[in-house]
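Notes to accompany the following structure.
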Amino acid sequence: MPSNPHVSPEGSSSGTVLVFFTNLFPFMPGEEFIEAEIKILSERFDEVIVVPSLPYRSASMQRELPPGVRLVAPSSLDSTKTNTRKVLSFAFRHPLVAAGSVGRSCRRFPRLLHCLEDLKLDLLACMTAESIAPTLAQALVPSKRAVFYSYWMQTPARTALMVRTMLKLSHVVVLSRAHRYDIYSERKATKYLPQRELLFSGMARVLTASVDGRDYLRRKYPEYASKIDVRHLGVEAAENAGNPSKEEHHVVTCSYLVPVKRIPLLIDGLGELQRRGMPVRWTHLGLGDTEHVTEVQSYAERVLAPGSFEFAGHLTNDEVRGWHANHAATVFVNVSESEGVPVSIMEALAQGLPIIASDVGGNAELIDSEAGMFDGLLPPDPTAAEIADRIEQLWNANEKSYEGFVQASLDHWNREWSSAKNYSDFSEYLLSLVA
């Protein structure tokens, strides 16, 4: 097989190895939140090998990796063009493997759409595994102790299982995180996530980012309940923690501009506040699909007072942290209709911002009003008036109460969402699994 142009120099030949299967990381865009975790993983393992499992746009759009981390990137598919020829070529070169994919997919017959989703996932995992297996075989010599870690319970998880099968590494433990799109099948148009039983049966553990996700999976797949648990994500300490200001009346949101985030609903809530005579400024961090971005911006121009809002555009993870450090916002708001556990809210907690969020996914786990945080938990489907009421309630708090909310947000981050704590604990857990 020709050498892989995206493989960095060889690492050490002994010790502990973590093979980390991602969607695109370290390629951009997306998965910025892995940056904090991989720093700690690289300190605990002798070597970390990152394997992106989806077609990446360009090898030049790559983040710098910490020392001790190297990249093994598949060359199986290209995201910029149709891949029919490559798929057919793979099936011709590996007819038994392709036949196995077809056979596994046919288990969903007569649900043809389900069969097709299973086939797409299986074939992509097979092609990716075939591309990287020779390089990983050289890295995973018998003197090394390895664990396979998938960040998503989807293509990366299936690829990890396929690599283990191809390399006959039955002793290697495979486990996966799960977040949102890879948990809640009802969020998909087809109401179906491919190869769930196959993935669950092959995983030693499935670790959700939220209690809500864990409970959902345990209810839906009770036969695998003992494998499913929670491991929180985390973010680094803020650059200028404790800088929120009640007097700014400044609302901040941070997300991709996509329909599930319900930004027009937030705009309606802010418009209601302005009609009540309440001063309010709003900044949104993040972009999205061009058409939807244009629609949202036009809607804001129609509903909100001129000069009262700003779309800051796409920011890297470091730039988001820098924005928070340099802008004294008052509250962070999330009105999504579906969530896992948003890293954007964790970043806001690390800054000390009070949080207002819809009660979906793991959002409730980020607001601990019993510990003194502002009670910003909204109904799952809040109205614009309910959003405005909750923001106005925060606006009307006295200065001492507001300062208490800020400190409570910081304390909650430190207890539950600190990357130093959570990822150190998780790294030790991973190390305990190596053979």
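On a predicted model such as this, the values are computed, not experimentally measured, just so you know.
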Arg218: salt bridge (Lys or Arg N to Asp or Glu O under 4.0 Å) partners, not counting sequence neighbours: none
Could you go through Thr16 and Arg44, starting from their C-alpha distance and side-chain angles, then the distance that decides it, and tell me whether this counts as side chain to side chain donor-acceptor pair (under 3.5 Å)? CA-CA 9 Å; Thr16 56; Arg44 298 297 194 277; over 6 Å; no
Basic-acidic side-chain contact under 4.0 Å: Arg276, Asp389: yes
Look at atom NZ of Lys220 and say whether more than 12 heavy atoms of other residues, nucleotides or ligands are closer to it than 6.0 Å. yes
Show your reasoning for whether side chain to side chain donor-acceptor pair (under 3.5 Å) applies to Asp212 and Tyr184. CA-CA 10 Å; Asp212 184 82; Tyr184 304 102; 2.5 Å; yes
Would you call the rings of His327 and Trp323 parallel, tilted or perpendicular, taking 30° and 60° as the class edges? parallel
With a 4.0 Å cut-off on N to O distance, would you call Arg177 and Asp182 a salt bridge? no
Could you check whether Lys261 pairs with Glu337 (Lys NZ or Arg NE/NH1/NH2 to Asp/Glu carboxylate O, under 4.0 Å)? no
Taking the side chain as everything from C-beta on, heavy atoms only, tell me whether Val251 gets closer than 4.5 Å to Ile356. no
Minimal non-hydrogen separation, Ile367 against Leu377, with atom names: CD1-N, 3.9 Å
Could you check whether atom CG of Leu113 has more than 12 heavy atoms from other residues, nucleotides or ligands sitting under 6.0 Å from it? no
Around atom CD of Glu428, are there more than 12 heavy atoms from other residues, nucleotides or ligands closer than 6.0 Å? yes
Between Tyr151 and Phe33, what is the ring plane arrangement, given parallel below 30°, perpendicular above 60°, and tilted in between? parallel
Can we say Glu117 and Lys120 salt-bridge, meaning some charged N sits less than 4.0 Å from an Asp/Glu carboxylate O? no
Please find the pair of heavy atoms, one from Asn326 and one from Asn243, that lie closest to each other, and give the distance. N-ND2, 4.5 Å
Would you call Glu416 and Glu365 a side-chain contact if the rule is heavy atoms closer than 4.5 Å? no
N-O pairing of Asp381 and Arg262 below 4.0 Å: yes
Which side-chain N or O atoms in residues 277-288 pair as donor and acceptor under 3.5 Å with protein atoms at least two apart or in another chain?
residue, atom, partner, partner atom, Å
Arg281, NH2, Glu248, OE1, 3.1
Arg281, NH2, His250, ND1, 3.2
Trp282, NE1, Thr253, OG1, 2.9
Thr283, OG1, His250, NE2, 2.8
His284, ND1, Thr253, OG1, 2.7
His284, NE2, Ser255, O, 3.0

